[in-house]
Amino acid sequence: MTTIARPVGSPHSPLSRRPDDAVVGTPLHHESAALHVTGQALYTDDLVGRTSHVLHAHPVQAPHAHAIITSLDVAAAYDVPGVVRVLTAADVPGTNDAGVKHDEPLFPSEVMYHGHAVCWVLGESLEAARRGAAAVAVTYAELPALLTVEEAIGAESFQGARPTLARGDSAAGLARAARVFEGVTSFAGQEHFYLETHCSLALVDENGQVFVQSSTQHPTETQEIVAHVLGVPSHAVTVQCLRMGGGFGGKEMQPHGLAAVAALGATLTGRPVRVRLTRAQDMTMTGKRHGFHATWRAGFDADGLFTGLEATLTSDGGWSLDLSEPVLSRALCHVDNAYWIPDITVHGRIARTHKTSQTAFRGFGGPQGMLVIEDVIGRCAPALGIDPAELRRRNFYVEGQTTPYGQPVRHPGRLVAAWEQVTRTSSLAARRAEIDGWNAREPHRKRGIAVTPVKFGISFNLTAFNQGGALVHVYKDGSVLVTHGGTEMGQGLHTKMLQVAATALRVPLARVRLAPTRTDKVPNTSATAASASADLNGGAVKDACEQILARLAPVREALGEPSWEELVAAAYRERVQLWAAGFYKTEGLSWDAATMTGHPFKYFAYGAAVTEVEVDGFTGAYTTRRVDIVHDVGDSLSPLVDLGQIEGGFVQGAGWLTLEDLRWDESDGPGRGRLTTQAASTYKLPSFSELPEQFHVVLLDHAHEDGVVYGSKAVGEPPLMLALSVREALRDACGAFGPAGFSVELASPATPEAVYWALTAARGAS
Amino acid sequence: MAEIVVNGRPRDLTGVAPHTNALDFLRACGLTGAKEGCAEGECGACAVMVARPAADGSGTAEWTAINSCLPPAAALDGQEVVTSEGLGTPDALHPVQHEMAVRGGSQCGYCTPGFVCSMGAEYYRADRSPAGNGGPHDRYHGANGFDLHAISGNLCRCTGYRPIKDAAFALGFPASDDLIGQRRATPAPSAAATSLEADEAAYLRPASLTEALRLLRDHADAVIVAGSTDWGVEVNLRGRRAGLLIAVDRLPELRGFSVTDAEVRLGAALTLTEIERRLAGRLPLVTAMTAQFGSRLIRNSATLGGNLGTGSPIGDGPPALLALDAAVVLASAEGTRTLPLAEYFTGYRQSRRRPDELITEVVVPRPVSALTAFHKIAKRPFDDISSVAVGYALDLADGVVRRARIGLGGVAATPIRALATEAALEGRPWSAETVDAAAAVLAAEGTPISDQRASAAYRSAMLGQSLRKLYAEATP
């Protein structure tokens with residue numbers, strides 16, 4: 001059972017004011033749903049059969065985690081029937097680099113991780129390219145490899161900035177605490193496992209213009225990297241993204257090098273080139289969510305209020321920087337989650353390891369920061385003798401307090417409202433008592449329940465990225481074509497943008513159509529990331545529509561009450577420009593990366609979740625019995641879309657925390673550094689068996705967000721962190737196997753095996 | 001001429017290489033609805049519906065969902081396939097497509113065509129029975145009789161599954177004028193004898209067992225395929241290629257099924273789904289095993305013969321069959337022989353089956369023990385590979401364990417019997433003390449290793465815990 005709350009609000013700013021007959025706010029299904037379900041929706045690789053003379057690319061992947069390439073002999077590949085070309089570093093006309101930090105050689109001379117692509121073979125068929133790749137002879141001089149964060153810390157192998165977020169005097173905060181606890185919290189990363197693997201298809205026209213169709217969340221940056229590798233200006237490269245079969249952050253940076261390989265191949269051969277990774281290639285070559293290692297000391301006063309926190313967070317960055325620095329910044333900015341910690345010092349650093357270069361993943365460090373503080377609370381609560389739900393609630397921010405980086409926490413009452421609503425509607429108190437009764441009766445199966453909050457900052461930490469663009473065409477017949485800078489990866493952005501345009505222009509939804517995202521339509525876009533794309537592109541679409549409406553106003557006035565079609569036709573005759581480029585930038589932001597202070601976020605998205613689980617004491621296997629969520633999306637632009645983001649984000653977060661288990665070969669054997677879970681058969685995603693038996697999601701009422709497009713809030717990432725309630729519920733259930741007050745340490749992911757060891761430790765602690 | 005009828009239209013198979021899977025073939029035909037998500041039958045994005053003989057043996061056709069990434073395209077010679085494009089169009093959505101679309105069942109949409117086909121097959125399942133008609137109605141079964149296990153082999157990374165479940169449970173029943181539904185009334189296409197050669201390799205589907213055995217005798221390096229759920233993974237992920245593939249999945253001699261007081265005979269080429277349906281609970285241990293064997297998509301293709309033929313130490317069939325004292329019937333051009341399963345496995349993926357021999361049947365003696373159970377330890381409850389699997393068959397009389405058979409998977413290079421544990425149980429009272437002592441013995445059986453699925457310590461612990469769990473659950 002799911003209910004959708006009606007949006008209510010008291011709008012003030014013109015941007016957030018919502019007309020009575022708004023198309024935004026109506027629950028629509030995904031704009032491409034009919035194409036999805038009939039198999040008609042096209043993804044990048046579906047274009048291959050519609051393109052003539054395509055060459056297929058296959059990588060030569062290194063079988064070592066760290067090595068110098070001592071020789072590369074491609075001659076034998078050309079003996080394989082169907083092989084057309086082998087791409088190596090010598091072929092790069094521009095810069096041999098695929099990263100914005102210039103630390104990612106596209107064709108490396110030093111292998112930095114197991115599976116690193118050394119060169120690429122182009123063939124008439126994928127089979128020919130695969131056989132050609134197998135024929136390439138590479139010799140390597142192996143070097144020592146660092147696989148774990150602990151190994152990297154031991155070797156002092158770090159990369160990038162080492163920021164510190166601090167407020168007050170954390171030593172004094174700990175000194176005045178009634179109780180001080182310390183611990184280590186380590187947790188794994190996560191594979192994106194978008195169902196559509198990376199894909200690019202590049203063509204070169206008669207004039208040397210490069211056209212790359214790419215499954216990318218960041219077409220502008222893909223364009224820039226392609227141009228950079230080819231040594232041409234950006235205007236010589238166009239990138240288009242039709243839609244993605246999932247992104248989740250994994251296609252923010254990772255597509256660029258692959259698009260560059262396709263573009264390079266197309267440039268050199270004059271033929272279209274397809275680069276599509278198999279699942280194993282995708283998993284072994286592209287970055288993942290960062291795993292972290294954290295050490296911490298936390299102080300609480302006699303009432304259980306935080307007095308201070310000192311922590312060092314070390315992320316596992318993999319072989320290159322990629323987005324590790326901003327991910328770390330966001331992790332530091334979310335260690336507080338929803339809690340007032342008066343005196344705090346959090347150090348951050350990025351380990352350089354010989355693994356894939358870890359990257360953006362839904363939440364972008366936020367989940368990692370929050371996991372640390374929720375782990376602290378989950379472990380300390382039993383020792384403090386305070387119910388974890390109560391301990392969390394006591395420490396919530398109140399109006400007037402600021403985050404450790406100095407931004408006032410606006411609307412903390414909304415979190416309280418969400419928390420109180422979800423604890424009430426889930427009957428938390430009554431079920432706590434029922435569960436205690438069940439646990440007292442049942443020796444072999446224990447249940448656990450937990451409630452956790454989410455406070456997540458919306459906007460890119462880096463202020464410059466907080467801009468959006470759109471191009472709105474009104475044709476003479478009154479039909480409307482919208483292009484904007486955001487990409488569609490399933491999150492429903494295009495659906496929302498259609499609703500925004502229809503609302504702004506006051507035309508029926510059916511009059512508006514959306515064109516695929518292209519860099520020659522809307523330039524200089526930001527990544528579709530940070531949950532902010534509806535805010536940014538919605539603001540830009542609305543701006544473009546309002547420019548057009550302003551030009552139409554005199555015509556409308558002259559005509560009385562014309563229909564939209566009459567108005568548009570008349571305006572054309574009067575030579576009124578019927579299209580406009582819209583722009584939006586988020587006001588009021590600031591961020592100083594050196595001091596880690598400022599006002600980086602436009603607002604906070606809030607939510608709270610209650611989860612109940614049942615654990616089998618024999619095996620550690622568990623089921624999620626019930627989940628209740630109240631989440632703040634402002635005045636929803638599109639309630640069905642937002643509901644889907646909340647549910648999907650939650651289940652994806654639960655996957656990260658409980659099931660998805662990235663394992664690298666950390667042995668000293670010949671496979672050292674190999675990802676051993678590189679397939680769907682070994683890396684298990686949530687399937688329908690992980691769907692909570694009961695799943696109740698409600699959008700927070702009275703949540704109008706002033707100053708954001710039609711009063712809405714971002715929704716892509718924040719709900720993922722609601723899944724921390726699953727982990728805490730598992731901790732609670734494990735604790736029920738042991739004596740009261742036992743502090744349960746739970747590995748992450750909390751697989752059945754991890755849960756078994758945790759409950760076994762609890763059992764042994766009587 | 002070799003061809004597949006896809007969405008009512010014949011598609012020529014001439015020149016298609018034996019290593020080309022059905023998915024790539026369909027996509028090359030311009031039918032790009034089915035997607036590759038994993039190329040190993042784990043995600044279901046490539047699912048399509050195939051008209052197969054009804055799993056209950058009734059002789060009519062049944063729309064069966066399979067992973068198209070696994071079988072060679074050649075395996076579908078003469079068959080009828082329906083893809084998401086064939087179910088409906090954006091202007092005329094199929095009921096399954098309609099429910100998926102309006103309930104938010106698609107987000108990125110990439111997995112959706114596969115979900116639609118898995119759901120379509122369940123929509124058309126002839127014995128789908130609404131709760132009001134005696135069908136089950138629980139966490140996994142809708143009031144409309146829809147069994148969610150039908151989509152256990154389909155992964156969605158976006159929605160979290162709730163809207164897909166709601167769409168499934170909202171489905172009605174096919175209208176009488178539904179052409180795809182009507183197709184079920186007449187027999188499925190028979191298996192066409194096929195001989196396709198391309199890219200220096202051949203795919204042969206012999207018409208008879210005699211011919212199959214002759215081919216095996218003459219081609220020692222031939223690869224035998226049935227559902228291709230294992231071979232397809234080898235081809236797609238590990239680049240294996242065979243000079244000669246011999247398809248045996250539709251040979252009548254391998255598709256027998258009989259139940260007498262003395263034994264149950266299961267044709268080696270029956271799919272797990274067919275075994276499940278036709279046994280109808282008559283071998284509870286096998287039913288418990290099949291319920292946890294892969295996903296529905298896999299069970300619709302995988303065969304017991306294949307599971308024993310590949311001889312994987314982590315296959316789910318052997319632990320159950322070892323506990324049941326099953327035997328394997330092996331046929332060759334020279335004749336047949338029957339081998340107890342306990343003597344069949346000789347090493348990692350090795351067995352006593354000679355290259356010229358074919359597994360034709362599995363024989364389970366009856367009556368079977370009263371207390372049987374199948375315990376599978378895995379990260380995910382459905383569609384996962386076992387870390388450890390245990391099959392139990394215990395005879396109890398007057399509170400004493402008269403006979404114990406325990407089969408184990410995942411703890412050695414081959415499936416094994418837990419002989420020491422059986423000895424520790426037999427002749428002793430079925431009591432907590434006996435179970436505790438035997439559990440310690442069981443925990444020391446085999447030589448479990450640590451890998452990405454589980455640690456050796458957890459595997460050993462789970463062996464002992466399994467017996468304790470069996471006792472706790474069998475003792476009210």
Side-chain angles (χ1 to χ4, degrees), chain A residues 2 29-30 32-43 46 49 127 130 134 193-196 243-246 248 278-280 444 489-492 618-619 621 640 643-644 647-648 650-652 659 661 663 676-677 679-682 684-685 687-691 693 695 751-753 756, chain B residues 27-28 30 32-35 37-40 42-43 45 83-85 88-90 93 97 100-102 104 106-113 116 139 148 151-152 155 157-163 165 237 239 377 379-385 451-455 458 461-462 465 468-469 472:
Chain A
T2 309
H29 55 72
H30 195 284
S32 289
L35 300 179
H36 293 156
V37 298
T38 53
Q40 306 288 345
L42 291 179
Y43 301 78
D46 297 336
E127 181 77 354
R130 184 183 69 79
F193 216 107
Y194 25 66
L195 264 288
E196 178 210 27
R243 59 166 60 77
M244 282 167 275
F248 315 114
T278 64
R279 180 60 60 185
H444 303 307
M489 58 189 120
Q491 83 280 40
F618 289 106
T619 63
L640 194 59
L643 177 64
E647 292 175 333
F650 178 89
V651 171
Q652 196 171 70
L659 181 61
D661 202 357
R663 299 288 186 101
T676 58
T677 50
S681 53
T682 45
K684 306 308 282 189
L685 309 187
S687 74
F688 87 96
S689 54
E690 282 64 50
L691 169 64
E693 200 169 338
F695 202 179
T751 58
E753 176 170 354
Y756 176 74
Chain B
R27 291 180 61 81
T32 53
K35 311 292 187 201
C38 70
E40 57 170 345
E42 292 277 347
C43 79
T83 70
S84 57
E85 293 99 328
T89 63
L93 295 178
Q97 293 171 328
M100 280 289 279
V102 301
S106 73
Q107 284 186 22
C108 84
Y110 195 85
C111 69
T112 313
V116 162
R139 179 176 184 177
L148 276 185
I151 51 172
S152 61
L155 292 176
R157 192 53 155 165
C158 296
T159 63
Y161 302 99
R162 194 276 312 159
K165 172 179 145 182
L237 267 56
I377 305 294
K379 278 183 194 156
R380 203 170 65 188
F382 295 113
D383 190 20
D384 198 355
I385 294 168
D451 65 10
Q452 69 279 358
R453 292 195 178 87
S455 67
Y458 183 64
M462 287 306 99
Q465 288 293 80
R468 294 189 184 97
K469 184 177 168 78

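Letters go in sequence order (proteins before strands), and every chain restarts at 1.
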Engineer: As an exercise: rank A134(A), A679(A), S32(A) by heavy-atom pairs under 4.5 Å with chain B and give me the winner.
Structural biologist: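 Highest number of pairs under 4.5 Å: A679(A).
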Engineer: Answer yes or no: is there an ion pair linking D384(B) with K379(B), defined by an N-O contact shorter than 4.0 Å?
Structural biologist: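 Between K379(B) and D384(B) there is no salt bridge, as every charged N stays at least 4.0 Å from the carboxylate O atoms.
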Engineer: Determine whether S687(A) and L155(B) satisfy the following criterion, side chain to side chain contact (heavy atoms under 4.5 Å, CB included), listing intermediate values before the conclusion.
Structural biologist: CA-CA 6 Å; S687(A) 74; L155(B) 292 176; 4.0 Å; yes
Engineer: For A621(A), which atoms come within 4.5 Å of any heavy atom of chain B: side chain, backbone, both, or neither?
Structural biologist: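 For A621(A), there is no contact with chain B at all, as no heavy atom is under 4.5 Å.
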Engineer: Name the member of H29(A), R279(A), E753(A) that forms the most heavy-atom pairs with chain B at distances under 4.5 Å.
Structural biologist: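 Between H29(A), R279(A), E753(A), the count favours E753(A).
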Engineer: Which bit of F650(A) comes within less than 4.5 Å of chain B, counting heavy atoms only: side chain, backbone, both or neither?
Structural biologist: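 Neither; nothing under 4.5 Å.
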Engineer: Give a yes-or-no answer on whether the side chains of S689(A) and R380(B) include a donor-acceptor pair shorter than 3.5 Å.
Structural biologist: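 There is no such pair (donor and acceptor under 3.5 Å, judged by atom type) between the side chains of S689(A) and R380(B).
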Engineer: Do the side chains of E42(B) and D383(B) get nearer than 4.5 Å, heavy atoms only?
Structural biologist: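 D383(B) reaches E42(B) side chain to side chain.
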Engineer: Sequence neighbours excluded, which residues qualify as side chain to side chain contact (heavy atoms under 4.5 Å, CB included) partners of R663(A)?
Structural biologist: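 Scan of R663(A) (side chain to side chain contact (heavy atoms under 4.5 Å, CB included), adjacent residues dropped) gives D661(A), T676(A), T677(A), Q452(B).
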Engineer: Counting heavy-atom pairs closer than 4.5 Å to chain A, which one of A461(B), A34(B), A454(B), S455(B) comes out on top?
Structural biologist: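 The option with the most such pairs is S455(B).
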Engineer: Residues two or more places apart in sequence or in another chain: which of them pass side chain to side chain donor-acceptor pair (under 3.5 Å) with S84(B)?
Structural biologist: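 For S84(B), no residue satisfies side chain to side chain donor-acceptor pair (under 3.5 Å) once neighbours in sequence are set aside.
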Engineer: Hey, could you give me the CZ/SG distance between F193(A) and C43(B), rounded to the nearest 0.5 Å?
Structural biologist: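 It comes to 6.5 Å.
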Engineer: With a 4.5 angstrom heavy-atom cut-off, could you sort out which part of T159(B) is near chain A: side chain, backbone, both or neither?
Structural biologist: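 Contact with chain A involves the backbone of T159(B) alone.
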Engineer: With a 4.5 angstrom heavy-atom cut-off, which part of S681(A) approaches chain B: side chain, backbone, both or neither?
Structural biologist: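 For S681(A), heavy atoms of backbone and side chain both lie under 4.5 Å from chain B.
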Engineer: What residue, out of K35(B), R453(B), M100(B), K165(B), has the most heavy-atom pairs lying under 4.5 Å from chain A?
Structural biologist: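 The option with the most such pairs is K35(B).
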Engineer: Give the member of G644(A), A280(A), G49(A) that has the highest number of heavy-atom pairs under 4.5 Å with chain B.
Structural biologist: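 Between G644(A), A280(A), G49(A), the count favours G644(A).
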Engineer: For L659(A) and T751(A): C-alpha separation, side-chain torsions, deciding distance, then whether side chain to side chain contact (heavy atoms under 4.5 Å, CB included) applies.
Structural biologist: CA-CA 5 Å; L659(A) 181 61; T751(A) 58; 5.9 Å; no
Engineer: If I measure from the heavy atoms of chain A, does I377(B) come under 4.5 Å with its side chain, its backbone, both, or neither?
Structural biologist: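 When you check distances to chain A, only side chain atoms of I377(B) fall under 4.5 Å.
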Engineer: Would you mind checking which part of V116(B) comes under 4.5 Å of any heavy atom in chain A, side chain (CB onward), backbone (N, CA, C, O), both or neither?
Structural biologist: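 Side chain only.
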Engineer: What part of Y756(A) is in contact with chain B, defined as an atom under 4.5 angstrom from a non-hydrogen atom: side chain, backbone, both or neither?
Structural biologist: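 Side chain of Y756(A) only, per the 4.5 Å heavy-atom cut-off to chain B.
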Engineer: So which of G37(B), C108(B), G88(B) has the biggest tally of heavy-atom pairs under 4.5 Å with chain A?
Structural biologist: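 Of the candidates given, the most pairs with chain A belong to C108(B).
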Engineer: In the structure I gave you, are the side-chain heavy atoms of T83(B) and P113(B) within less than 4.5 Å of one another anywhere?
Structural biologist: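 Answer no - side chains too far apart.
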Engineer: Which region of V651(A), side chain (C-beta onward) or backbone (N, CA, C, O), has a non-hydrogen atom less than 4.5 Å from a non-hydrogen atom of chain B, or is it both or neither?
Structural biologist: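 For V651(A), the side chain is the part near chain B, not the backbone.
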Engineer: Check each atom of R139(B) against the heavy atoms of chain A and say whether the ones under 4.5 Å are side chain, backbone, both or neither.
Structural biologist: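 Contact with chain A is through the side chain of R139(B) alone.
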Engineer: Between the side chains of S106(B) and H36(A), does any donor sit under 3.5 Å from an acceptor?
Structural biologist: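 A donor-acceptor contact under 3.5 Å links the two side chains.
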